[in-house]
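These notes concern the structure reproduced below.
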Amino acid sequence: MADEKERKTLDERHQMSDLERLRHSCAHVLATAVSRIWPDAQFAAGPPVEGGFYYDVDLKHRITPDDFAQIEVEMKKVVKENATFERVIVSRDEAMVLAKSGRLASVAERDVESVFKVDLLNDIPEGEEISIFKNGDFWDLCAGPHVGRTGNCKAFKVMSVASAFYKGDSDNQSLQRIYGTCFKNKTMLEEHLEKLEEAKKRDHRRLGKEMNLFTFDETVGQGLPLWKPKGGIIRRQLQDFITEELDKQGYFQVFTPHIGKLGLYKTSGHFPYYEESQFPPIVERDAIKQLADDDAKCSDLLNYISTGEIEGFLLKPMNCPHHIKIFDSEHRSYRDLPVRLAEFGTVYRWEQSGELGGLTRVRSFTQDDAHLFCTPEQVGEEIQGCLGLVKKVLSTLGMTDYAVRLSLRDPDSDKYVGDPENWDKAEAALREAVQTLGVEYTEEPGEAAFYGPKIDFVVKDVIGREWQLGTVQVDYNLPERFNLSYVGSDNKPHRPVMIHRAPFGSLERFVGLLIEHFEGKFPTWLAPEQVRVLPISEKYEDEANALAKELAEAGARVSVDHAGDKIGAKIRLARMDRIPYLAVLGAREVEEKTVSVRHRDQGDLGSIPANDFVSKISQDISSRSL
């Protein structure tokens, strides 16, 4: 099944940033080095990507990290040669002769053709200009652009190697994908590598396993996370937090099934337009039996589903159709609007196995989803409320470094649905709402969804990585598709406007981000275990249990370490477990009714009266302090 992106035009290829151009050129430096070491190498594509570049290669030799040093030595030679990147325009026939002679993506002619370049040549539309780039003895089919010389690519590093299907199609052969990165200078490269090392330390997959937060099991299925008790606590605390805010803003919480009839998603447009990213439809048992009795083929089944001759069900890919049906289940007046429906709704997406990654890319995830149904006049105020909610979430979690993207329609395009006048109002309302946030924002014409403009929050974590989180979208399309209406003040039916919003987005992805942002050291209110009581010896276990009971009654998640280890070993274990507060009890503390307190980040806080310590913990939790 192909997942290759649509082929870029020449104009799009030439719009590379300076850094992308540098990295694209470094991909050619890499290919030059590899082809010198292994002349039989057959190269496919080598584009710049976020964080660096890659080049796909078919090679008998299986490249491993042990080969990276040899490749880098040869790359340094290519850089030192300081060869010019020379662009040569050729005809299709001339390019094909070079490809057939094995000269493309190679340092010399070969006995075999450049097989992937032959195929890529055939993909180039008739009339499009064809070019090759030469740097020294290496020639490649390439549209460019490049930097001036190989000597510009000094600050590079080979990063990793992985498998990848040619053109992203699992029906094609598997190639070796060599990843690298390149920067303008060594200082920037070193900063990047340091950031990557820091990211490894914070990897939520490793920390999640160490901290017993979640797990995956092959017998359950790839991309289907299992939340363990400690991870469940974090998730529940986040849900309680957002629920409190929703209650203040007049939302109603609803609950919907994990499955719906296929016709529902045909009406919404989610099926079949997005079927590649959905689980296959579920067909009723009797229908399957009848098809089997008729000796029908799988293609017949798919055809019957698409034409509607057989009704099926679908694991829900989105919550909005269900919420629409709840709204539509009652007669609505303008006096009833806005109607705000919220749900922690689990949805299902068929991600390719190679794209799955911990909690940040899964096949089953829960959204803190809400849909608001309002009059056109109420759009601005409702957007303000949604943005305020996202801002509250981010500030509570200490994520103050963020930017906002305002995605607008392209006025010259006809892909958008709805009344242009309503679009003008919605875009104006979004723009006005964004400006009240007091943060940097960019307007991006042409990036709006076909059904309405939207706002995305892009958050930087503590090591500078960007994550797209909360989204607010205005939608004129679904109310039209489902023929929604309310009775206006003129006693006539009117079409409501629908707003989609999700401050967390996916709870799974959001928790993955939080694990990495805090490096597993969650603020007290969010920590799975908030206090651990450490009696110096078993003589003080009764007092330790009494303190733990008092803390639990005050709302704290607390445990007592009853192990016979020395107090130093207990403290080290608690630090490894990232517990915010340690309460040490010995003879002096018991006699004085105090507790010796150690904080995970602040160190030794000294001796505190036990009652004051309980009050402090209670205050930390209730205030959701960082």
Side-chain angles (χ1 to χ4, degrees), residues 194 197-215 228-235 237 397-398 461-463 511-541 543-545 547-552 554-590 594-608 610 612-614 616-621 623-626:
E194 287 174 6
E197 283 301 311
E198 183 65 26
K200 285 182 183 178
K201 285 169 49 182
R202 295 169 176 268
D203 192 323
H204 76 279
R205 293 166 293 188
R206 180 179 64 83
L207 293 177
K209 184 176 182 181
E210 286 180 10
M211 299 175 68
N212 283 318
L213 302 180
F214 61 89
T215 188
K228 303 177 84 168
K230 290 183 178 179
I233 289 172
I234 297 171
R235 176 170 168 152
Q237 291 304 312
L397 292 163
D461 65 14
V462 290
I463 60 173
V511 171
L513 161 61
L514 291 181
I515 292 171
E516 298 193 8
H517 182 71
F518 291 117
E519 199 179 355
K521 300 173 184 177
F522 294 104
T524 304
W525 70 274
L526 205 50
E529 184 179 346
Q530 296 163 325
V531 184
R532 186 172 294 177
V533 182
L534 309 178
I536 288 178
S537 73
E538 62 183 16
K539 290 190 297 183
Y540 308 110
E541 286 194 356
E543 289 82 0
N545 289 335
L547 177 61
K549 182 180 179 182
E550 193 174 350
L551 284 162
R557 295 183 288 277
V558 58
S559 70
V560 179
D561 188 341
H562 291 293
D565 300 329
K566 292 182 178 180
I567 192 65
K570 291 183 177 183
I571 291 173
R572 284 193 295 274
L573 177 62
R575 283 176 177 167
M576 290 175 59
D577 289 343
R578 300 171 176 82
I579 313 301
Y581 285 96
L582 309 182
V584 180
L585 283 179
R588 181 171 60 85
E589 287 82 10
V590 169
T594 61
V595 58
S596 181
V597 179
R598 290 174 180 265
H599 188 270
R600 178 188 58 208
D601 305 315
Q602 301 168 21
D604 189 352
L605 300 183
S607 184
I608 300 176
D612 291 350
F613 177 63
V614 172
K616 174 177 174 52
I617 297 298
S618 179
Q619 173 62 23
D620 274 10
I621 295 170
S623 65
R624 294 193 173 96
S625 64
L626 293 170

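- Smallest separation of non-hydrogen atoms from A583 and V595: CB-CG2, 3.3 Å.
- With contacts defined as side-chain heavy-atom distances shorter than 4.5 Å, the pair E516/D203 qualifies.
- Judged purely by atom type and a 3.5 angstrom limit, R575 has no side-chain atom pairing as donor or acceptor with the backbone of R600.
- Shortest non-hydrogen contact noted between A544 and V533 is CB-CG1, 3.7 Å.
- One finds the CD atom of E550 at 12.0 Å from the CD1 atom of I617 (value rounded to the nearest 0.5 Å).
- Contact record, Q602 with L605: OE1-CD2, 3.7 Å, taken as the closest heavy-atom pair.
- A donor-acceptor pair under 3.5 Å is formed between the side chain of R557 and the backbone N or O of W525.
- Between L397 and L526, the closest side-chain pair of non-hydrogen atoms falls below 4.5 Å.
- Across T594 and S607, no two heavy atoms sit closer than the pair OG1-OG, 3.2 Å.
- Defined by atom type and a distance below 3.5 Å, a donor-acceptor pair is missing between the side-chain atoms of N212 and K230.
- Within the 3.5 Å criterion, the main-chain N or O of I234 finds no donor-acceptor partner in the side chain of Q237.
- Counting heavy atoms from C-beta on, the side chains of L213 and V511 never come closer than 4.5 Å.
- Between G555 and I621, the shortest heavy-atom distance links the atoms O-CD1, 3.8 Å.
- Side-chain N or O atoms of Q530 include one that pairs as donor or acceptor with a backbone N or O of T524 at under 3.5 Å.
- Here the NZ atom belonging to K616 is positioned 7.0 Å from the CD1 atom belonging to I608, to the nearest 0.5 angstrom.
- Panel note: side chain K570, backbone P535; a donor-acceptor pair is recorded below 3.5 Å.
- For K228 (side chain) and T215 (main-chain N/O), no donor-acceptor pair under 3.5 Å exists by modelled atom type.
- Distance CD1/I536 to OG/S596: 8.0 Å, rounded to 0.5 Å.
- Between H562 atom NE2 and L534 atom CG the span is 11.0 Å, to the nearest 0.5 Å.
- Atoms CD1 and CZ, on I515 and R205 in that order, are 11.5 Å from each other to the nearest 0.5 Å.
- Other residues, nucleotides and ligands contribute more than 12 heavy atoms inside 6.0 Å of the CD atom of E541.
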### Task
Go through R532 and D577 one step at a time and tell me if the salt bridge (Lys or Arg N to Asp or Glu O under 4.0 Å) criterion holds.
CA-CA 10 Å; R532 186 172 294 177; D577 289 343; 3.0 Å; yes

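- Residues F522 and M211 form a side-chain contact, since some pair of their non-hydrogen atoms from C-beta on lies under 4.5 Å apart.
- Of the candidates R578, R202, R206, R202 is the only one forming a salt bridge (charged side-chain N to carboxylate O under 4.0 Å, His left out) with E519.
- Taking the six-membered ring where tryptophan is involved, the planes of F613 and Y581 are perpendicular, since the angle between them exceeds 60° and thus also 30°.
- For K539, the side chain to side chain contact (heavy atoms under 4.5 Å, CB included) criterion is met by S537, not counting sequence neighbours.
- For P523 against S625, the heavy-atom pair with the smallest separation is CB-O, 3.6 Å.
- In this structure, L547 and V614 have side chains that are in contact, with non-hydrogen atoms separated by less than 4.5 Å.
- In this structure, the separation between CG on D604 and CG on L582 is 10.5 Å, given to the nearest 0.5 Å.
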